[in-house]
Each structure stands twice: as structure tokens, then as C-alpha cells.
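Worksheet: the structure to be examined is printed underneath.
Quick caveat: nothing in here was measured; it's all calculated off a predicted structure. Values below: every heavy atom of this structure, side chains too, minus hydrogens, waters and symmetry copies.
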Amino acid sequence: MTPNARWTRFNPDSTQVSGNGWKQHSIGYWQFSQVDSSLRVVSTNGTEDEGGDFNVSLDGDVMKWEREEGGMTVQVELNRSSELPMTYEDRMLGLWVLDSNEGDSFFLNEVGEKLFIRWDGRFVIYTSQGRINGVYNVHGHRSELELIPYGEELDRSFWSVDFAEEEITMKLLNSDSIVTRNFHRLRTF
């Protein structure tokens with residue numbers, strides 16, 4: 001299963017870089033055979049791809065890759081783009097203010113509290129009692145956010161996140177009751 005917002009940039013000198021969203025994580029090279037339309041993409045800073053070469057076909061700005069992996073046919077469609085795609089994490093980055101809530105949570109319970117999702121994998125919640133700091137993870141395949149606060153007094157929480165223009169709705173996943181939080185984006189503290 002391909003992670004959210006996967007991309008590869010093929011350079012004319014047969015080098016390649018790839019990543020997910022705004023993060024590059026791999027470098028290496030590529031080889032294309034015009035004889036059988038096969039493509040080999042090699043990462044020189046990661047693990048070896050044991051799946052072998054892809055059979056490649058082009059249809060306008062869409063490149064299709066196909067190969068066998070573990071006895072199953074794998075198909076990948078790539079679209080030509082001049083911009084990096086955004087992952088769920090990229091869309092969550094920034095400062096958010098709590099507009100409304102339903103149900104009780106470990107934190108984010110008062111309208112007006114702010115949630116700052118930083119680029120470095122950390123978050124800060126600004127409450128009337130002070131700040132809550134921690135680290136976060138975003139699922140690679142789903143729009144899910146895990147908040148892990150520092151300290152033993154607060155538990156980690158798992159949230160599904162739905163996006164609108166400049167708004168997000170978070171629903172607590174590790175709860176027996178309905179817990180939702182609605183935010184809008186802020187540009188200043």
C-alpha cells in the first residue's frame with residue numbers, strides 16, 4: 001500500500017529523489033530500458049527493493065508502473081506535477097483555535113484553546129492553565145493524528161482528522177464516548 005502523497009523526482013542525469021509530501025527521504029538512481037519498457041528505481045540510502053523492475057506505460061501525464069510482488073500484481077499510477085503533494089501531516093501543520101467541542105477529553109476541552117502543530121514533530125496546546133507540550137505522529141495511510149503529551153499525568157490520544165478550507169474536525173478514536181473538536185486556522189498567536 002503506497003503511503004499518502006508519495007512522489008519521485010527523476011533527474012536527467014539518472015539520479016532520483018523521493019519522499020512523501022514535503023519530506024524527502026530517499027536518494028538514488030533510476031534506469032529505464034526502452035527495449036522492454038522496464039524501470040528500476042534504486043534507493044542508495046535505504047533498503048534494497050526486492051520487488052524487481054516495473055513495467056512502464058505512459059498515458060498523457062500519467063505514468064503507470066506494474067510488477068509482481070509476493071504473487072500479486074501491483075499497479076502504481078503517477079501524475080506529472082511541478083509541486084510536491086501534501087500529506088495529511090502537511091495539511092495539519094500550523095496554529096489552530098478550538099471553536100466548539102463535544103464530550104470530554106484528556107485535553108482540548110475549552111473553546112479558545114490553541115493547538116500548534118509544529119514542523120518538527122512536536123505540538124503545543126495553549127490552555128488557560130498553561131501549556132501542554134508533546135510529540136505527534138500522523139498515520140502514513142490515513143488522516144489520523146496521535147498526540148503524545150510529555151509527562152505521566154496525561155495519556156496519549158488518537159484522533160481522526162477531517163479537513164475543510166481553513167478548518168479541521170478531530171474525533172477521538174480511543175474513547176468509548178463521542179468526542180469531537182472543531183478548529184479554525186489562525187495566522188498569529
Side-chain angles (χ1 to χ4, degrees), residues 1-96 115-125 133-150 155-163 168 170-171 173-174 185:
M1 196 161 63
T2 303
N4 178 241
R6 179 84 162 122
W7 57 267
T8 301
R9 179 179 299 129
F10 297 99
N11 298 314
D13 65 355
S14 296
T15 60
Q16 62 87 17
V17 294
S18 58
N20 292 86
W22 297 343
K23 292 182 182 178
Q24 175 185 318
H25 54 65
S26 300
I27 59 172
Y29 62 91
W30 60 274
Q31 297 172 322
F32 182 74
S33 169
Q34 292 184 357
V35 174
D36 60 359
S37 295
S38 65
L39 174 68
R40 176 176 303 219
V41 180
V42 177
S43 173
T44 57
N45 69 323
T47 58
E48 185 175 329
D49 181 0
E50 297 176 1
D53 297 351
F54 287 96
N55 295 317
V56 176
S57 62
L58 295 173
D59 183 14
D61 282 346
V62 176
M63 179 188 294
K64 295 180 182 180
W65 297 358
E66 187 174 306
R67 72 179 180 188
E68 294 289 320
E69 290 181 11
M72 297 179 63
T73 300
V74 174
Q75 297 175 334
V76 179
E77 282 192 16
L78 295 94
N79 297 301
R80 185 181 302 270
S81 176
S82 59
E83 296 181 13
L84 294 178
M86 291 177 73
T87 62
Y88 301 125
E89 179 179 359
D90 300 327
R91 293 179 70 185
M92 290 179 205
L93 293 175
L95 181 62
W96 303 90
L115 170 63
F116 185 33
I117 303 290
R118 296 172 22 162
W119 65 271
D120 60 357
R122 298 174 188 263
F123 73 88
V124 181
I125 297 173
N133 296 285
V135 294
Y136 68 87
N137 293 307
V138 177
H139 197 286
H141 300 280
R142 294 187 299 272
S143 182
E144 292 180 4
L145 173 68
E146 176 186 16
L147 298 175
I148 308 166
Y150 297 142
D155 292 329
R156 72 178 53 201
S157 59
F158 299 86
W159 303 82
S160 68
V161 181
D162 294 321
F163 300 94
I168 58 174
M170 294 174 38
K171 297 176 185 165
L173 298 173
N174 57 323
R185 185 180 294 281

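Between K64 and V76, the closest side-chain pair of non-hydrogen atoms is not below 4.5 Å. Contact check for N4 versus R142: no side-chain heavy atoms found under the 4.5 Å cut-off. Annotation: side chain of F158 is not in contact with side chain of L145 (no heavy-atom distance under 4.5 Å). Using a 4.5 Å heavy-atom threshold, the side chains of E146 and S157 count as separate. Under the 4.5 Å side-chain criterion, counting only non-hydrogen atoms from C-beta, V138 is in contact with M92. Using a 4.5 Å cut-off on side-chain heavy atoms (C-beta onward), W7 and L84 make contact. Annotation: side chain of M86 is in contact with side chain of W22 (closest heavy-atom distance under 4.5 Å). For the pair E66/V74, no side-chain contact is recorded, criterion being any heavy-atom separation below 4.5 Å from C-beta on.
Between the CD1 atom of I168 and the CZ atom of F163 there is a distance of 7.0 Å, given to the nearest 0.5 Å. Put simply, CD1 on I125 and CH2 on W96 are 14.5 Å apart, with the number rounded to the nearest 0.5 Å. Note that OH of Y150 is 7.0 Å distant from CG of N133, once rounded to the nearest 0.5 Å.
Within 6.0 Å of the CZ atom in R9, the count of heavy atoms belonging to other residues, nucleotides or ligands does not exceed 12.
The backbone N or O of Q31 sits nowhere less than 3.5 Å from a side-chain atom of D53 that would complete a donor-acceptor pair. A distance-only check finds no donor-acceptor pair linking the side chain of S143 to the backbone of Y88 [under 3.5 Å].
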Does R67 form a salt bridge (Lys or Arg N to Asp or Glu O under 4.0 Å) with E69? I'd like the steps, not just the answer. CA-CA 7 Å; R67 72 179 180 188; E69 290 181 11; 2.6 Å; yes

Audit row: D90, K23, salt bridge (Lys or Arg N to Asp or Glu O under 4.0 Å) steps and yes/no: CA-CA 9 Å; D90 300 327; K23 292 182 182 178; over 6 Å; no

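Of the N and O atoms on the side chains of T73 and E68, at least one donor lies less than 3.5 Å from an acceptor on the other residue. Side-chain atoms of N20 and H25 form a donor-acceptor pair, as typed in the model, at a separation below 3.5 Å. No side-chain donor-acceptor contact under 3.5 Å links Y136 and R156. There is no side-chain donor-acceptor pair under 3.5 Å between S81 and N79. If you check the side chains of N45 and S43, you find a donor sitting under 3.5 Å from an acceptor.
Each of W30, F54, F32 was checked for a ring-ring contact (aromatic ring centres under 6.0 Å, His included) with W65, and the lone residue meeting it is F54.
Taking all atoms of both residues into account, the shortest heavy-atom contact from R185 to R91 is NH2-O, 3.2 Å.
Between R40 and D49 no salt bridge is recorded (no basic side-chain N to carboxylate O distance below 4.0 Å).
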